[in-house]
Every structure is written in C-alpha cells, then in structure tokens.
Amino acid sequence: MSGEIVESHSAKYAAQHVPGIPQDEAGPVFREPWEAQAFAMTLALYDRGLFTWPEWAATLADEIKRAQAAGDPDTGETYYQHWLNALERMVAEKNVTDAATLKRYHDAWDHACDRTPHGKPIVLQPADFV
Amino acid sequence: MQLRIRALETILTEKGYVEPAALDAIVETYETKIGPRNGAKVVAKAWTDPAFKKALLDDASRAIGTLGHVSRVGDHLIAVENTPQRHNMVVCTLCSCYPWEMLGLPPVWYKAAPYRSRAVKDPRGVLADFGVTLPQDTEIRVWDSTAETRFLVLPMRPAGTGGWSEDKLAELVTRDSMIGTGLPKNPAELKS
C-alpha cells in the first residue's frame, strides 16, 4: 500500500543524505507516531538553518555508534531512539536549550498526563513545573 | 518517548524555533506511513470470514490477538458494524485512546474540539463535510471513547467485490472508513 505522498524538498534530501532512515519505495516510514514527530521537528529545525544535513548525519552516526558500543542490537527498531538522542544533543550543542531544561519539561508533561482525566486534552500548566 | 517529544516540542515552540501547525503538516504528509496499520487487514478478514467477524464483534481485542501476523492491540477495543440501517462514527482522540496500531495516525482535524462537539450534535452535517451522504433512514450512531475503551468501525463491504482476496479487499479499507467519517473505496477506484 504505497499511497502517494507529497514530500517537502528538505524531507527528500534528508531521506537521501541521512544514512539508515527506514523507508519504503515512497519515502520514510515510521513504526510509531512519536518517530514521525521527531522526524518533523528535525526537518523544521533544518529548514530554519539550525544545522546542515552533514552535521546532523555526523551527530546521529555518533549516537548510533555509542548505542552499539553499549549493546544496542542494531536491528533498525531502535533507529528513532538514536535519532531522538541526537536531536536532544543537537539542540543543546546549538544552545537552544540544555539537558536540565529538557528534563524539567519532561517531568512537567509527566505530571500533566498523570493529573488529566481520560478523554480530556492534556494541557501543560505552570503548576506542572515543580 | 512521548514525554521527551512533548518536552522538546514545547521548548522549541516557546522559543519560536518551530510552529506546532507546521509540525502537524509535516507529520500529516506521512500519515499513511506510520504504524503497522493493521485495521485494513482486520476489516478485510471480517469481510471474508464470518466466524472471525463474529469473534471480532464479540471481543475485538481477543479476536485480533488470534491473528498471528497482526500485532497485539490494547484491551477493550470494540468493533462496531456498519449496516444499511446504522452508520457508526467515532470521536475522541484527545488522549491516548486512539488505536493508532490499527488505524495509523489520527487526522489533525480529528483532534480538534469543534469536530468532537459537532460530531455529537450534528453527525450528518459532519459526514456531509467529508463528502459522505447517507440515506435519510440510516441511523448515525456516534461513539465517544470512555475510560480505556477504543472503537473500530467495521465498514460495509463494497458491492462488486465478490471473490476478492483479503489482500485486495484490504486496499479498499481507508483510515477514515474505520473512524466512520468515510466509506471504503469503490472497487473502481483501485488501479489494478
């Protein structure tokens, strides 16, 4: 089932120049929704000029190398975990944010999810930051 | 993972590096490329195998669990069958109750509050917006997810598909037809 998809120029470029992106004949495929969100954020930051694709590929390759050294099975299923690690590292290296801030927002979202009843939209509030 | 993604997106949005609508647009480009999208296979099997269809309508989670090639779904998935008398439509994807393993990514409009409230008040009007016109005497039933309950619409098998294989039938099953905001493709729409 290869539906027609219209990709942006940078998406095509990324798919061609970043090694290992899981793809079918029409372009990238994702195992879970969060993978596509990570991909989309990276594309948006690239479009804004935060980094070049060679820079991105180098950071991602380094994350994959680290993971393999730590025993990652490297079956492709963990590709976007490495991608997300690389993205968090890239935004820190570019001084967009830092690890402590990422952790603070992560915990705040965790709190927001916990207190939100099922069926209601999850909205981050100041009180979620402790 | 989801929390890390949310954290990153919030920070990048607050600092003006990304716009959520632009991210949604990118993700939507790939909406047919996300997840195993097992729903179409399940629907096609129900169309060809009466025993499976009965099991699916009795307990969708368990029935899907018996299919070796389809990844497991969470508990409390309920399949609701469309008939000439009744059309089913599902609302609520505001939290984690949307069965993306079955359906793929939810459409962006589906998460919007106006869709949710209008679908309950004026389902026929919402369907018309999606280009779906049903006979006046077809009842429209709207299902709103409650705690931990997720829904899959079993659409009606299109006419003119007698003798089709499951794989070929699955190609007719669209995401929107399993949410109830669309109908399966017409056999003529399939390029063979």
Side-chain angles (χ1 to χ4, degrees), chain A residues 1-8 10-11 22-24 26-45 47-50 80-81 84-85 87-88 91 94 96-98 101-113 116-124, chain B residues 1-37 40-41 71 91-98 100-101 104-106 111-113 116 144-149 167 170-175:
Chain A
M1 280 185 268
S2 59
E4 290 284 316
I5 56 174
V6 182
E7 288 186 282
S8 70
S10 42
Q23 302 189 45
D24 66 9
V29 295
F30 305 93
R31 296 171 67 248
E32 298 189 18
W34 71 265
E35 298 184 347
Q37 287 170 290
F39 181 78
M41 279 194 277
T42 310
L43 221 52
L45 291 174
D47 280 339
R48 218 176 169 279
L50 195 70
Y80 276 98
Q81 290 173 25
L84 182 53
N85 290 340
L87 184 56
E88 288 175 343
V91 294
K94 298 291 179 180
V96 174
T97 186
D98 54 46
T101 308
L102 283 167
K103 172 89 169 73
R104 207 160 63 81
Y105 275 75
H106 172 282
D107 292 350
W109 271 113
D110 196 16
H111 185 260
C113 292
T116 304
H118 180 91
K120 297 276 181 258
I122 303 170
V123 181
L124 197 60
Chain B
M1 290 304 160
Q2 196 54 50
L3 293 174
R4 286 167 66 189
I5 294 286
R6 282 179 192 262
L8 204 46
E9 183 175 336
T10 309
I11 294 169
L12 293 174
T13 304
E14 284 178 0
K15 293 189 177 252
Y17 280 89
V18 301
E19 282 175 40
L23 295 179
D24 281 348
I26 298 173
V27 171
E28 209 173 34
T29 311
Y30 297 99
E31 64 177 16
T32 63
K33 299 292 177 182
I34 297 171
R37 299 187 306 122
K41 292 176 206 163
S71 61
V91 296
C92 179
T93 59
L94 296 173
C95 46
S96 57
C97 57
Y98 182 82
W100 61 262
E101 307 93 327
L105 200 71
K111 291 184 272 186
R116 186 187 160 89
D144 194 352
S145 301
T146 56
E148 302 304 317
T149 305
D167 282 350
E171 291 180 42
L172 297 173
V173 184
T174 60
R175 173 198 59 200

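So that the names make sense, note that chain A is the first sequence line, chain B the second, and so on, each numbered from 1.
- In this structure, A/Trp109 and B/Ala7 approach most closely via the heavy-atom pair CD1-N, 3.6 Å.
- Contacts between A/Arg31 and chain B at a heavy-atom distance below 4.5 Å involve the backbone alone (N, CA, C, O).
- Contact annotation: the side chain of B/Arg6 never approaches that of A/Leu124 to less than 4.5 Å [non-hydrogen atoms, C-beta and beyond].
- Side-chain contact between A/Lys94 and B/Tyr17: absent, with no pair of heavy atoms (C-beta onward) separated by less than 4.5 Å.
- Within the model, atoms NE2 of A/His106 and CD of B/Gln2 stand 10.5 Å from one another, a figure rounded to the nearest 0.5 Å.
- Your options are A/Leu84, A/Val91, A/Asp107, A/Thr101, and the one with the most heavy-atom pairs under 4.5 Å with chain B is A/Leu84.
- Enclosure of atom CD in B/Glu19 is not indicated, since only 12 or fewer non-hydrogen atoms of other residues, nucleotides or ligands lie within 6.0 angstrom.
- For B/Leu12, the part lying under 4.5 angstrom from a heavy atom of chain A is the side chain only.
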Show which side-chain atoms of residues 37-44 of chain A pair as donor or acceptor with protein atoms under 3.5 Å away, not counting sequence neighbours.
{"residue": "A/Thr42", "atom": "OG1", "partner": "A/Ala38", "partner atom": "O", "Å": "2.7"}
{"residue": "A/Thr42", "atom": "OG1", "partner": "A/Trp83", "partner atom": "NE1", "Å": "2.8"}

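- When all heavy atoms of B/Ile5 and A/Trp34 are compared, the pair lying nearest together is CD1-O, 3.7 Å.
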